[in-house]
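Here the structure comes first, spelled out in structure tokens, and everything after it is commentary.
Numbers here are sequence positions counted from 1.
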Amino acid sequence: MKQLVELYQSWSGQEPVQVEKLPGAGSNRQYFRMWGVDGKTVIGVIGTSRDEDHAFVYLARHFSQNQLPVPRILAVSKDELRYLQTDLGHTSLFDAIKGGREAGGRYNQYEKTLLSKTIRELPKIQILGARGVDWSNCYPQPVFDVDSVLFDLNYFKYCFLKATELDFHELKLEANFRLFAKDLTAESMDCFLYRDFQARNIMLDAEGKPYFIDFQGGRKGPFYYDLASFLWQASAKYPFKLRRELVYEYYHSLKNYTEVPNVRHFVERLSQFVLFRTLQVLGAYGFRGYFEHKQHFLDSIPPAMDNLRELLKLRKLFPYPYLMDLLTRLTELPQFAPQKQPLAPRSDGYRTTETTVYKSNPLDGPATFSKYDGTGPLVVRVYSFSYRKGIPEDPTGNGGGYVFDCRSTHNPGRYEPYKKLTGLDEPVIRFLEDDGEILTFLESVYRLADHHVRRYVQRGFTSLMFSFGCTGGQHRSVYCAQHLAEHIHDKFGVEVHVCHREQNINCVLSAKK
């Protein structure tokens with residue numbers, strides 16, 4: 001600690017006025033928040049491995065030079081066992097999405113937005129970050145190869161599989177392991193494999209922009225690995241639909257930086273890495289749980305087994321018959337009985353089938369057009385209101401749109417904890433989505449709205465209005481109006497005005513350029 005303080009003094013010219021030790025992570029490194037006389041903070045790090053520290057410092061400097069979102073290195077000791085880096089704050093993505101995780105995977109819109117931002121940034125560090133890297137600086141090895149795959153598969157075998165006392169033929173398993181390792185390393189890629197890409201290693205600034213930390217184990221390798229590592233993190237409990245949406249986000253972001261394979265090939269390759277990553281984490285959970293007796297890792301085993309059970313439904317993608325049979329028997333052990341499935345998430349992002357514009361029959365003759373046809377970009381107005389105070393008036397005079405009655409759905413306003421909250425507040429959101437009735441209601445609304453907005457855009461109409469009413473204009477109508485507004489804006493990119501009339505809340509979602 002004394003040497004870290006001396007490093008800070010050498011860098012800043014003064015001793016820190018306060019030093020606070022931060023909670024430990026998975027490694028043996030120690031982190032400290034250090035305050036200067038000006039009140040500004042930096043993070044001081046004490047490492048135990050010179051090679052590991054060197055890898056982080058080298059990569060952080062390289063990424064910073066390429067303007068990637070990572071901490072900047074401020075000072076490094078001569079032996080490279082201590083260094084200072086910029087302080088990225090107190091909020092990790094893991095902390096920010098805690099509510100959805102603890103609600104069994106029912107992530108709200110804000111949490112989904114953070115996940116989307118993060119997954120869209122991942123290809124940037126993988127592709128741009130790899131340019132010009134001297135891979136010899138990586139630790140503990142420079143490239144993802146057959147040996148590293150076999151190491152992790154054997155880690156699973158010795159630290160997890162053997163601990164279950166399940167009988168298996170070691171030579172047959174080894175043969176499948178070698179075939180699996182060969183397939184995983186079949187595609188040579190000039191990408192940076194983060195290796196430990198998870199929510200704990202993403203820091204968020206005040207605007208929710210993600211910054212990457214703890215990439216010292218990175219190396220040259222395939223981009224599939226990090227996507228599998230992030231989205232199939234067992235404890236995150238991401239529901240299938242959300243995973244699918246985030247894979248879609250990643251795939252289209254990746255196109256901005258490199259050529260990508262077709263969707264079918266991408267999904268099949270990703271599935272292989274999901275299986276590999278699942279076995280890899282089970283090995284880690286087995287060692288930390290069964291041998292080191294750490295409860296957190298024991299608690300992580302059941303959801304990881306649920307992931308494995310879902311993967312085995314796709315066994316046709318995995319040409320390793322003995323391994324597949326063994327894993328099936330593993331999931332059938334009594335101690336790994338299936339966990340209760342989480343309730344369905346809300347239906348944000350509903351997608352309808354694209355249809356062509358109606359073509360008239362030649363016998364009908366030429367069509368006539370409204371004076372509103374082709375006059376400009378569409379603006380959608382979405383209201384929430386109380387039926388006690390009447391339906392909102394149309395300020396445009398156009399008169400187009402819909403009024404939906406939300407009063408048939410379960411009302412959180414009948415319960416004391418929610419009476420002072422609105423449909424924008426997380427407890428109410430979770431109540432409504434957990435109940436699920438309002439999700440079915442909105443599916444029909446989305447289907448109707450999608451068609452109407454699409455046709456209005458095609459015809460050049462400028463105004464469309466949707467209103468949602470409930471008893472008090474506080475819970476159900478607010479929730480529905482906000483979600484439809486965000487759905488239309490995300491899907492069509494048009495300008496959307498949101499007015500929660502009884503709550504005196506107004507906002508504008510600007511048109512996407």
Side-chain angles (χ1 to χ4, degrees), residues 99 103 106 108-110 112-113 345-350 378-453 456 461-492 494-510:
R106 297 189 297 277
N108 62 28
Q109 192 63 42
Y110 172 70
K112 290 179 181 179
T113 299
R346 58 171 171 257
S347 301
D348 293 22
Y350 184 88
L378 177 66
V379 175
V380 177
R381 291 172 173 81
V382 185
Y383 289 80
S384 67
F385 69 95
S386 165
Y387 274 99
R388 295 168 179 167
K389 299 182 179 180
I391 297 172
E393 295 182 357
D394 175 21
T396 68
N398 178 56
Y402 298 88
V403 177
F404 298 100
D405 188 347
C406 305
R407 290 175 294 182
S408 65
T409 61
H410 198 174
N411 183 10
R414 295 187 176 191
Y415 302 93
E416 191 62 35
Y418 310 110
K419 287 187 176 180
K420 295 184 179 180
L421 303 177
T422 75
L424 299 178
D425 293 312
E426 180 178 298
V428 174
I429 292 171
R430 294 202 194 283
F431 174 95
L432 292 169
E433 293 174 355
D434 191 21
D435 174 74
E437 194 174 21
I438 207 159
L439 303 181
T440 303
F441 173 80
L442 275 180
E443 283 182 359
S444 299
V445 173
Y446 288 161
R447 201 175 296 121
L448 186 64
D450 284 353
H451 174 76
H452 211 106
V453 171
Y456 266 36
F461 284 6
T462 60
S463 179
L464 178 60
M465 181 172 165
F466 297 90
S467 298
F468 293 86
C470 65
T471 306
Q474 180 178 346
H475 299 105
R476 295 165 291 178
S477 63
V478 170
Y479 175 95
C480 290
Q482 189 68 33
H483 279 69
L484 179 65
E486 292 174 359
H487 168 78
I488 291 173
H489 183 255
D490 289 342
K491 184 165 185 174
F492 298 97
V494 299
E495 182 176 323
V496 182
H497 294 217
V498 189
C499 175
H500 300 299
R501 191 182 70 182
E502 320 308 349
Q503 307 307 316
N504 294 315
I505 296 174
N506 297 273
C507 69
V508 175
L509 306 178
S510 301

Item to check | V478 to G473 - nearest heavy-atom pair and separation | outcome: CG2-O, 3.5 Å
Checklist entry - So, for C406 and S477, which heavy atoms are closest and what is the spacing to 0.1 Å? => result SG-CA, 4.0 Å
Item to check | Minimum side-chain heavy-atom gap F441-D405 below 4.5 Å | outcome: no
Item to check | Test log, rule side chain to side chain contact (heavy atoms under 4.5 Å, CB included), inputs Y415 and V428 | outcome: CA-CA 10 Å; Y415 302 93; V428 174; over 6 Å; no
Item to check | Candidate pair R106 and D434, rule side chain to side chain contact (heavy atoms under 4.5 Å, CB included), full reasoning | outcome: CA-CA 8 Å; R106 297 189 297 277; D434 191 21; 3.5 Å; yes
Next on the checklist: If we ignore hydrogens and angles and just use 3.5 Å, is the side chain of Q474 paired with the main-chain N or O of E502 as donor and acceptor?
Outcome noted: no
Checklist entry - Do side-chain atoms of E443 reach the backbone of I438 as a donor and acceptor pair under 3.5 angstrom? => result no
Checklist entry - Crowded around K389 NZ? As in, over 12 foreign heavy atoms under 6.0 Å? => result no
Item to check | From CG (L378) to OG (S463), nearest 0.5 Å | outcome: 7.5 Å
Checklist entry - Considering only heavy atoms from C-beta outward, does the side chain of L464 approach that of H452 to under 4.5 Å? => result yes
Checklist entry - For R388, does the CZ atom have more than 12 heavy-atom neighbours from other residues, nucleotides or ligands under 6.0 Å away? => result no
Item to check | pair L421-P427: side-chain heavy atoms closer than 4.5 Å | outcome: yes
Checklist entry - Does any non-hydrogen side-chain atom of V445 lie less than 4.5 Å from one of L484? => result yes
Item to check | Short side-chain to backbone donor-acceptor contact, H475 and Y418, under 3.5 Å | outcome: yes
Next on the checklist: Within the 4.5 Å heavy-atom criterion, are S467 and Y402 side-chain neighbours or not?
Outcome noted: no
Item to check | Donor-acceptor under 3.5 Å (N108 side chain, Y110 main chain) | outcome: yes
Next on the checklist: Once rounded to the nearest 0.5 Å, what's the spacing between atom CG of D490 and atom CG of L509?
Outcome noted: 8.5 Å
Checklist entry - Taking side chain as C-beta onward, heavy atoms only, is V498 less than 4.5 Å from V508? => result no
Checklist entry - Roughly how far, to the nearest 0.5 Å, is the CE atom of M465 from the CZ atom of R381? => result 9.0 Å
Item to check | Worked verdict on Y456 versus H451 for side-chain hydrogen bond (donor to acceptor under 3.5 Å, both in side chains) | outcome: CA-CA 9 Å; Y456 266 36; H451 174 76; over 6 Å; no
Checklist entry - Of the non-hydrogen atoms in V496 and A485, which two are nearest, and what is the gap between them? => result CG1-CB, 3.7 Å
Checklist entry - Checking R430 side chain against A103 main chain: does a donor-acceptor pair fall under 3.5 Å? => result no
Checklist outcome for this item: Smallest heavy-atom separation, E426 atom then G99 atom, equals OE2-CA, 4.2 Å
Checklist entry - With a 6.0 Å cut-off on ring centres, are Y383 and F468 close enough? => result no
Checklist entry - Side-chain contact, heavy-atom cut-off 4.5 Å: H487 with D450? => result yes
Checklist entry - If you take all heavy atoms of V494 and I488, which pair is closest and at what distance? => result CG2-CG2, 3.8 Å
Next on the checklist: Between L424 and I505, does the side chain to side chain contact (heavy atoms under 4.5 Å, CB included) criterion hold? Intermediate values first, please.
Outcome noted: CA-CA 11 Å; L424 299 178; I505 296 174; 3.9 Å; yes
Checklist outcome for this item: Taken in chain and number order and not counting sequence neighbours, the residues that satisfy side-chain hydrogen bond (donor to acceptor under 3.5 Å, both in side chains) with Q482 are E486, H500
Item to check | Donor-acceptor pair, side chain of H483 and main chain of Y479, under 3.5 angstrom | outcome: yes
Checklist entry - Side chain of D425, backbone of T422: donor and acceptor closer than 3.5 Å? => result yes
Checklist entry - Would you say the side chain of C470 lies within less than 4.5 Å of the side chain of N411, judging by non-hydrogen atoms? => result no
Checklist entry - Would you say E495's side chain and S510's backbone share a donor-acceptor pair under 3.5 angstrom? => result no
Checklist entry - Do the side-chain N and O atoms of T471 and R476 include a donor-acceptor pair separated by under 3.5 angstrom? => result yes
